Every structure is written in C-alpha cells, then in structure tokens.
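Worksheet for the structure shown next.
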Amino acid sequence: MNKLYVGIDDTDSPEGMCTTYITFVIINKLKDCGFEIEGHPRLIRLNPFARFKTRGNGSVSFKLIIKSSDDVEKAKKIILNKVKQLSKMENENTNPGVVFFETGKIRLTNPDGGKIYSDKEINSLLEKFALRAIMEILTIDEAKKLANDLNLEIHQFKKGRGIIGAMAAIGCYLEDKTFELLAYRLPENYCTSRKINPESVLEMNKKTYPRTFDNLDEGYMAIVPHTPCPILYGIRGESPQDVLNAHKLVESLESLEGYLIFETNQHTDMHLKRIDKINKMEKYGCYILRGTVKDKPNVIEGGHVFFKLEDSSGEIECAAYEPTKGFRNLIKLLLPGDNVEIYGGIGSMGTLNIEKIRIYELKSLFIEENPLCECGKRMKSAGHDKGFKCPKCGNKIRNGQKIRTKIPRDIKKGFYEVPTSARRHLSKQLVRMDF
Ligand code: ATP
C-alpha cells in the first residue's frame, strides 16, 4: 500500500496557534473523509538554538495510507487549505512549509541524467537531514535543494522556512521515543485562564509517575502551558496507554475540543553529541563533555551562575541561568579541580547552558591548623622553623607540624538535572536514564 508522508512546520506565532493543533484539525478532517492514518502522528523537536523558533522548535509529521491516486490529490488539498486557513500568516516570523513524500511511486528516469532514488534511499537521506536539523543550523536553500534532488513535493507559504522542520519531521528516526497527549481547548476559551482541578493533577502524578513525567514542578501544574495557544494541557509519558490513562485522571473544568497522542523525540537526549575535546565544540551545538572545573563558580546580577570548565584542549564558560532555580545552588558548590561531565548546548553568547551534570570526582579540601596544646589551647607559631608555642601555658613543640584536616564537601558525586520548568523538550530526565 502506498503511503503519503506529510510534514508541517512554522504555522504558529507567539500570539497563538500551534502546529500540533493544525495537525489535529487536519487529521480529524481526513478521517471524516474516510482516510486512514498509520500509527501516531509525530512531534519532532529540532535544534533548541534555531533562530526563528517560536517556542520549543517542534515540527510535525504523519503517515497517510493511500488507496488511489485521487486520494492523494484530495488529501493534499485538505492539508494545504487547512494550513493556509489556520496559520498565523500575519506574523512576520510565521513562514509555513508543508512537504509531501509519496512512497511506492514509480519514479521516471530523470531526463537530465540525475540519480533516481528509491524510497529506502530517500528515507535514509531524510534521516540524515533530520539529525542535522536537531544538531546544527540549516538554511532554507539546503532544504530546497534536497527536496528537489529527492523529488519531494514542497509547499512554501511566504518565505516557507517551515520546509526545514517539515522534512526533518518526516525523516527523523526514533530509536528511543516518548509520547505526548495534547488536549485542545474550545476556540471560544482561547486567551482565558485554563481551568483544571489541580488536585486531580496531583492524583494523576501520584498514580502514573514515572510512567508519565514532568507533570508537576514544585507544586505547580507543569502540564499546563502559559501561552495563548490552543493547548489545555500536555501529558508526557513512556507509551500511548500511559498518557491516555493519565489523561483520564485529569479533571478538566472546561470542555475539550479533543486530544491527540503524538510519538516524539522529546526527552531522549537526541540533540546531544558526545565529544572528547572542548575545542571541537561549536556554537549552537549540544554536547556531552567531560572536563575539570577551572574556577570557583560566580553569581552575576540576575542570579545566573557561571564557571569555567577546562581540558587539555581549552576551556569553556558553563552557565546555570536563573530559571534553573535550585539547581544553581548545586553548581555554586563546585570547586576548581572537580571532575564533571556536562550535558548541554552552546547558545548565542558562546556559553554552555547546563541541562544535566554528572559529578565524577570531588577535589579533596583540607584546612591546615597549628596543633593543639596538652592544655587544650591552639598553639601559635614560635617563629620560622622554631615549631609552636602555647600562648596559655608556654608549652613548646620544637619539631611540630601543622595538622591537615579534610573538610567534608557539601556536595556528593552523582547525576543532577535542572528542574522540570527549566528542562528542554529534548532533555532526557534522570528518571528515564538507564544507569
Ligand atoms: P511551536 O513549538 O510553538 O510549534 P516552534 O518553536 O516550533 O513553535 P516554529 O514556528 O516551528 O517554532 O519555527 C521554527 C522555524 O525554524 C521553522 O521554520 C523551522 O523549519 C526552522 N528550523 C527548525 N530547526 C532548524 C534548524 N536546525 N536550522 C534552521 N532552521 C530550523
């Protein structure tokens, strides 16, 4: 059976809308028209440092089962009309892109003598493109050239930057994956405060964590967004059944338009590249890197905490910004010589933003003191190379040495992460990690 892969991105703006919601509307319409969707639609998060992202740099794709060529044209028309109708076109930075890739199609010999790619080759090239969109910064021209080479059908609205995300959402290979159930509000409730019984979220978390995660953060409901988008809440978890069970436990005090479960690369650490040298890191890249703390962390105005990490190839400034809240207290306890592994990405200022830290070695700290006299008083130096003298009873020690005492560190070796509210969508929680 032929399949039509559909990728969509860049439809929303800070004023509203959401590409996942447009996908929800499209899928409902397609189903009403008798179309069948294979599996779950996918929500693929791309490079967190992409310049034109609205919020979390998410892109969406889904797979449609095609029974006849008429079907293809009808489905494409529905999809393109909805994207045109619902996207926030009035915003300068909304530049939607839609990409179609039909499998099982007989591709005619290229008259220019170019290569004809098989479906498998197309999938594999799109997979590489997706990995680059997660780890690097790409251009619209690069996406266009690949789409042209592979004979993919692209639709660009305005600048059409969305084709980058749309192609990546189709191509992304998910070795590890999680699921997110997104519940949508009725349009008449947009821009009003979201009405959910917080007790039911506490209960849901109690019953479903850690099969679902990031439900709460220090008592507030982390499942609820704070933007004017159509989402009432999102529940993240390990499987479609886990998020569905949790959704049934949430008491919504406003009616829902509906919900949709997405398969996603959220919380997989897919954006991180393990690297062995600081001087191999690049701006807008995300890495796992081991090194040694070079200086004592310092706090600047606004509460951001910085320290330098070094290895034999160089050094880089690491940051725990104010939104990482209590995590900063841990970072402040690091000392020069501590050996750590940082999980994080390099932002526009060239600093490595910490998502997680693994402390391997803590430098031993000592204090040196003069010895105690038999009378219990701390002795004083009797002069250079002359030992110590008690200021109380006059007792002397000629060949005495200072006493070295190890001071316990207020920090332990181990793995630490930023709180839910500061977590990147792609960051894997410690609770998901296989130690
Ligand atoms: P939301 O999360 O609310 O859906 P968003 O944060 O995903 O919004 P978009 O509106 O989708 O933001 O805009 C992101 C834009 O950046 C899209 O046009 C997408 O194609 C493009 N983009 C994504 N990743 C990259 C990348 N690695 N390099 C260059 N452009 C990218």
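When reading the values below, keep in mind they use all heavy atoms of this one structure, side chains included, and skip hydrogens, waters and symmetry mates. When a ligand or atom number is given, it counts from 1 through the structure's own listing order. Heads up: numbering here begins at 1 and tracks the sequence. Note that the coordinates shown come from a computational prediction; the quantities given were computed from them, not determined experimentally.
Thr103 has its side chain within reach of Phe101: a pair of non-hydrogen atoms, C-beta onward, lies under 4.5 Å apart.
The nearest non-hydrogen atom to atom 7 (O) of ligand 1, considering only Gly56, Gly58, Pro48, Gly165, comes from Gly58. For atom 23 (C) of ligand 1, the choice among Ile164, Leu138, Ile140, Asn57 with the nearest heavy atom turns out to be Asn57. The closest non-hydrogen atom to atom 1 (P) of ligand 1, taken over Asn47, Asp12, Thr19, comes from Asp12.
Residue Arg55 has at least one nitrogen or oxygen atom sitting less than 3.5 Å from a nitrogen or oxygen atom of ligand 1, judged on distance alone. Distances between N or O atoms of Asp10 and those of ligand 1 include at least one value under 3.5 Å.
Those atoms of ligand 1 that come under 4.0 Å of a heavy atom in Leu46, given as number and element, are 23 (C), 24 (N). Heavy-atom proximity to Glu136, at under 4.0 Å, picks out these atoms of ligand 1: 26 (C), 27 (N). Remark: ligand 1 atoms within the under-4.0 Å shell around heavy atoms of Asp9 are 11 (O), 17 (C), 19 (C), 20 (O). Atoms of ligand 1 lying under 4.0 Å from any heavy atom of Arg161, numbered from 1 in the order shown and given with element: 18 (O), 20 (O). Less than 4.0 angstrom separates some heavy atom of Ala133 from each of these atoms of ligand 1: 26 (C), 27 (N). The distance from ligand 1 to the heavy atoms of Arg45 drops below 4.0 Å at these ligand atoms: 2 (O).
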Report task. Check step by step if salt bridge (charged side-chain N to carboxylate O under 4.0 Å, His left out) holds for Glu153 and Lys76. Result -> CA-CA 10 Å; Glu153 186 177 326; Lys76 285 179 183 170; 2.5 Å; yes

Query - Step-by-step salt bridge (charged side-chain N to carboxylate O under 4.0 Å, His left out) determination, Asp276 to Lys280 - result: CA-CA 8 Å; Asp276 60 358; Lys280 286 187 188 163; 2.7 Å; yes

Query - Full working for side-chain contact (heavy atoms from CB on, under 4.5 Å) between Ile331 and Thr324 - result: CA-CA 10 Å; Ile331 298 299; Thr324 64; over 6 Å; no

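At a threshold of 4.0 Å, the pair Asp149-Lys145 counts as salt-bridged, since one of the basic side-chain nitrogens sits closer than that to a carboxylate oxygen. Taking a cutoff of 4.0 Å between a charged side-chain nitrogen and a carboxylate oxygen, Glu282 and Lys273 do not qualify as a salt bridge.
Side-chain atoms of Asp119 come within 3.5 Å of backbone atoms of Gly104 as a donor-acceptor pair (strictly under, hydrogens ignored).
Ranking the protein heavy atoms by distance from atom 25 (C) of ligand 1 puts Ala50 CB, 3.7 Å first. At the top of the distance list for atom 10 (O) of ligand 1, counting protein heavy atoms only, stands Thr54 OG1, 2.8 Å. Nearest non-hydrogen protein atom to atom 13 (O) of ligand 1 is Phe52 O, 3.4 Å.
Between Tyr184 and Tyr233, the ring centre distance reaches or exceeds 6.0 Å.
If you run side chain to side chain donor-acceptor pair (under 3.5 Å) between Asp338 and each of Lys294, Arg409, Lys363, only Arg409 comes through.
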